[in-house]
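Have a look at the structure below, then the notes.
Note that the numbering runs from 1 along the sequence shown for the chain. Whatever order the structure lists them in is the order used to number ligands and atoms, beginning at 1. Every value quoted in this text rests on a predicted model; they were computed, and no experiment measured them.
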Amino acid sequence: MRALVRGVAASFAAQALSMQPRAVPICLDAARQQHGAYVALLRRLLGDDSVLQLPADDAFPDCCFCEDAAVVVGDTAVVATIGAGPRQGEEAAVADTLAALGYRLRRLTPPATLDGGDVLQLPGSRHILVGFSRRTNAAALEQLQAALQPQGAVLHGVEVQHGLHLKSAMTALDGRTLLYADDAAGRSLRAALERGSHPALLDGAAGGGGGAGSKAVQHVMVEPAAANVLLLPGHVIMPAGLPRSQAVLQALADERGLQLHRLDFAEFAKADGSLTCASILLPPAL
Ligand code: CIR
């Protein structure tokens, strides 16, 4: 697996978007240091040549959150129209890079808007959850489904009632272990998935085989910041400074043969960013 990352713009500290006025200012140096540690860890875990870094563009303060710019499944890269007006345009450099790497590009068209942060590919499964948030709409799900049809992907919409993105409050450790923020955002997502006997949790593809059904799915509540983990082959990365959730995740990681790592990503959290936002994982299809 490879990963695409993008540098931190000089404008990040002063101009990155956030849902609430920033209580504590962002320190650009600290952000760049934390980003450097993120890239270094990805290089260590994936291999030096497997991490591709796009330069930052100071015209786009949020460009380090490159996850939002495209969704990559198999050999197909679907270029987003990011749902925040000031961020539209970040997608171009990401799209060019993915095209140069050989991915088949598909592009969303109006009225679709989508942030990659709303797209959760359940690991080892054909199912993909798409959050309907203030950034991502139903037209995007429809177009994404059409673009990813050849990959056999099956998409499911989930309402994101609180917070920025689906993955701000939910990620997965594997196809049947779902992590949620233990707050209103995470609880409402869990309720939606449980209430609907969600198709993604029903057909056994997410249950690890055997038609295991929803009983096989483990719903795990963690401290809100720990609900976003970055899963790499054999490894899982969580934010530092959350000892209670670390104990929970360590036990889950051990059971699954995953090595747990911690990273300080606090400067990015001030701009509503989390670990998955800062990379696009590129499957080994190419
Ligand atoms: C934004 O509001 O768009 C950025 N400040 C944060 C984006 C975080 N991206 C992500 O969760 N995928």
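- The closest non-hydrogen atom to atom 11 (O) of ligand 1, taken over A278, S279, C277, comes from C277.
- Of the listed residues (R135, M19, E90, H165), the one carrying the non-hydrogen atom nearest atom 2 (O) of ligand 1 is R135.
- Those atoms of ligand 1 that come under 4.0 Å of a heavy atom in G117, given as number and element, are 12 (N).
- Salt-bridge annotation for K167 and D118: absent, with no side-chain N of the basic residue lying under 4.0 Å from a carboxylate O of the acidic one.
- Taking CZ of F132 as the reference point, atom CG of L141 lies at 4.5 Å (rounded to 0.5 Å).
- Residue T109 holds its OG1 atom at 3.5 Å from CD of Q143, rounded to the nearest 0.5 Å.
- Considering backbone and side-chain atoms together, D68 places an N or O closer than 3.5 Å to an N or O of ligand 1.
- Contact atoms of ligand 1 toward E67: 10 (C), 12 (N) (distance under 4.0 Å to a heavy atom of the residue).
- When each atom of ligand 1 is checked for a heavy atom of A271 under 4.0 Å away, the hits are 4 (C), 5 (N), 6 (C).
- Here L17 has heavy atoms under 4.0 Å from ligand 1 in both its backbone and its side chain.
- Considering backbone and side-chain N/O atoms, D115 never comes within less than 3.5 Å of an N/O atom of ligand 1.
- Using a 4.5 Å heavy-atom threshold, the side chains of L263 and Q34 count as separate.
- When only non-hydrogen protein atoms are considered, atom 4 (C) of ligand 1 lies nearest to D62 OD1, 3.2 Å.
- Looking at L164 next to ligand 1, no N or O pair under 3.5 Å apart turns up.
- In terms of the salt bridge (Lys or Arg N to Asp or Glu O under 4.0 Å) criterion, residue partners of D68 (sequence neighbours excluded) are, by chain and number, R87.
- For R87, every heavy-atom contact with ligand 1 shorter than 4.0 Å involves the side chain, none the backbone.
- Here the side chain of T136 pairs a donor or acceptor atom with the backbone of D115 at under 3.5 angstrom.
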Under 3.5 Å, which donor-acceptor pairs do the side chains of residues 229-248 form with other protein atoms, sequence neighbours left out?
| unit_1 | atom_1 | unit_2 | atom_2 | d |
| --- | --- | --- | --- | --- |
| H235 | ND1 | H261 | NE2 | 2.9 |
| S245 | OG | E223 | N | 3.0 |
| S245 | OG | E223 | OE1 | 2.6 |

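- A donor-acceptor pair under 3.5 Å links the side-chain atoms of D183 to the main chain of G186, judged by distance alone.
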